[in-house]
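Following: one structure in structure tokens, then a few remarks.
The figures here come from the full heavy-atom set of this structure, side chains too, leaving out hydrogens, waters and symmetry mates.
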Amino acid sequence: QVQVTESGGGPVQTGGSLRLSCVVSGRTNSNYAVAWFRQAPGKERGFVAATTWDATSTIYENSVKGRFTVSADTSRSTMYLQMNNLKPEDTALYSCAAGSPRSSFRSPMEYGYWGQGTQVTVSS
């Protein structure tokens, strides 16, 4: 069994920064990838970023490129999402997911384990 736990969300002003953490514990393997998705009220869940634990493959959604950075600390089984220059449109519930994607890192269907999410609210 794999457990996923997020933390680090909160309120922030436009232009500010937050760092989200995602701890993945349990029976994982070297093929695992960890991804962030977000869902704003009234909108579908959307892909934000994903990385393999060895960081050999990292991808971002276009609107966050250059502002968000993912990194992994394998010794702590933790993935981080550093979010800089936040905008009101980044406001959403951010969820971390873990799994072994076979086709697309961007699809939520590829991930079998999810956390409860952490809210990020960016005020203008």
Side-chain angles (χ1 to χ4, degrees):
Q1 188 69 15
V2 175
Q3 295 81 40
V4 178
T5 306
E6 311 97 333
S7 62
V12 64
Q13 292 187 333
T14 296
S17 298
L18 283 174
R19 188 177 77 161
L20 306 184
S21 299
C22 174
V23 178
V24 182
S25 59
R27 299 186 64 182
T28 61
N29 58 56
S30 60
N31 294 324
Y32 257 55
V34 181
W36 288 97
F37 292 84
R38 64 185 179 184
Q39 186 168 20
K43 295 186 178 181
E44 292 187 356
R45 183 166 55 189
F47 172 78
V48 177
T51 186
T52 52
W53 276 117
D54 60 7
T56 56
S57 181
T58 302
I59 58 173
Y60 297 91
E61 193 269 332
N62 285 339
S63 69
V64 307
K65 284 182 180 178
R67 300 190 297 124
F68 292 11
T69 304
V70 294
S71 61
D73 182 341
T74 55
S75 67
R76 297 176 181 267
S77 299
T78 302
M79 175 195 178
Y80 301 100
L81 180 66
Q82 177 67 42
M83 306 186 296
N84 298 327
N85 190 21
L86 283 161
K87 304 175 181 180
E89 51 264 43
D90 295 318
T91 294
L93 180 70
Y94 284 71
S95 297
C96 182
S100 301
R102 296 185 179 183
S103 59
S104 172
F105 279 28
R106 299 175 183 271
S107 171
M109 301 297 292
E110 297 287 341
Y111 299 90
Y113 303 97
W114 291 80
Q116 294 298 310
T118 184
Q119 179 68 36
V120 172
T121 302
V122 185
S123 60
S124 57

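Taking CD1 of Ile59 as the reference point, atom OG of Ser104 lies at 6.5 Å (rounded to 0.5 Å). The CE atom of Met83 sits 5.0 Å away from the CZ atom of Phe68 when rounded to the nearest 0.5 Å. In this structure, CH2 in Trp36 is found 5.0 Å from SG in Cys22, a value given to the nearest 0.5 Å. One finds the CD atom of Gln82 at 8.0 Å from the OG atom of Ser71 (value rounded to the nearest 0.5 Å). Between the OH atom of Tyr32 and the OG atom of Ser77 there is a distance of 12.0 Å, given to the nearest 0.5 Å.
Partners of Thr51 according to the side-chain hydrogen bond (donor to acceptor under 3.5 Å, both in side chains) rule, which considers only residues two or more places apart in sequence or in another chain, are Thr58. For Gln39, there are no side-chain hydrogen bond (donor to acceptor under 3.5 Å, both in side chains) partners two or more places apart in sequence or in a different chain. Taking the side chain to side chain contact (heavy atoms under 4.5 Å, CB included) definition, one finds that Arg67 meets it with Val64, Asn85, Lys87, Asp90, sequence neighbours left out. Residues meeting the side chain to side chain contact (heavy atoms under 4.5 Å, CB included) test with Thr5, sequence neighbours left out: none. For the ring pair (Phe, Tyr, Trp, His ring centres under 6.0 Å) test, residues two or more places apart in sequence or in another chain that qualify with Tyr111 are Phe37. Among residues two or more places apart in sequence or in another chain, the side chain to side chain contact (heavy atoms under 4.5 Å, CB included) test is passed with Thr56 by Thr52, Asp54. Ala92 is linked by a side chain to side chain contact (heavy atoms under 4.5 Å, CB included) to Arg38, Ala40, Tyr94, counting only residues two or more places apart in sequence or in another chain. Under the side-chain hydrogen bond (donor to acceptor under 3.5 Å, both in side chains) criterion, Arg106 pairs with no residue, sequence neighbours left out. Contacts of Ser25 classified as side-chain hydrogen bond (donor to acceptor under 3.5 Å, both in side chains), with partners at least two apart in sequence or in another chain: Gln3.
The two residues Val24 and Val34 have their closest heavy-atom pair at CG2-CG2, 4.1 Å.
Checked by atom type and distance alone, the side chain of Thr78 pairs as donor or acceptor with a backbone atom of Arg76 at under 3.5 Å. With hydrogens and angles ignored, the 3.5 Å screen pairs no side-chain donor or acceptor of Tyr60 with any backbone N or O of Gly66.
The hydrophobic clustering, which links ILVMFWY residues whose side-chain heavy atoms are closer than 4.5 Å, places Phe105 and Leu81 apart. Criterion: ILVMFWY side-chain heavy atoms under 4.5 Å apart, direct or through other members. Under it, Val70 and Tyr113 are part of a common hydrophobic cluster. Cluster annotation: Val120 and Tyr80 are assigned to distinct hydrophobic clusters (Ile/Leu/Val/Met/Phe/Trp/Tyr, side-chain heavy-atom contacts under 4.5 Å, transitive).
Counting only residues at least two apart or on different chains, no disulfide bond (SG atoms under 2.5 Å apart) pair has a member in residues 40-72. For residues 37-80, there are no disulfide bond (SG atoms under 2.5 Å apart) pairs, not counting sequence neighbours.
For the pair Arg45 and Trp114, the cation-pi test (distance below 6.0 Å, angle within 45°) is passed.
By the 4.5 Å heavy-atom criterion applied to side chains, Gln119 and Thr91 are counted as neighbours.
Annotation for Glu44: atom CD does not count as buried by contact number, only 12 or fewer foreign heavy atoms lying within 6.0 Å.
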Could you list the donor-acceptor pairs under 3.5 angstrom formed by side chains in residues 6-18, with sequence neighbours left out?
unit_1, atom_1, unit_2, atom_2, d
Glu6, OE1, Gln116, N, 3.1
Glu6, OE1, Gly117, N, 2.9
Glu6, OE2, Cys96, N, 2.8
Glu6, OE2, Gly117, N, 3.1
Thr14, OG1, Ser123, O, 2.8
Ser17, OG, Asn84, OD1, 2.9

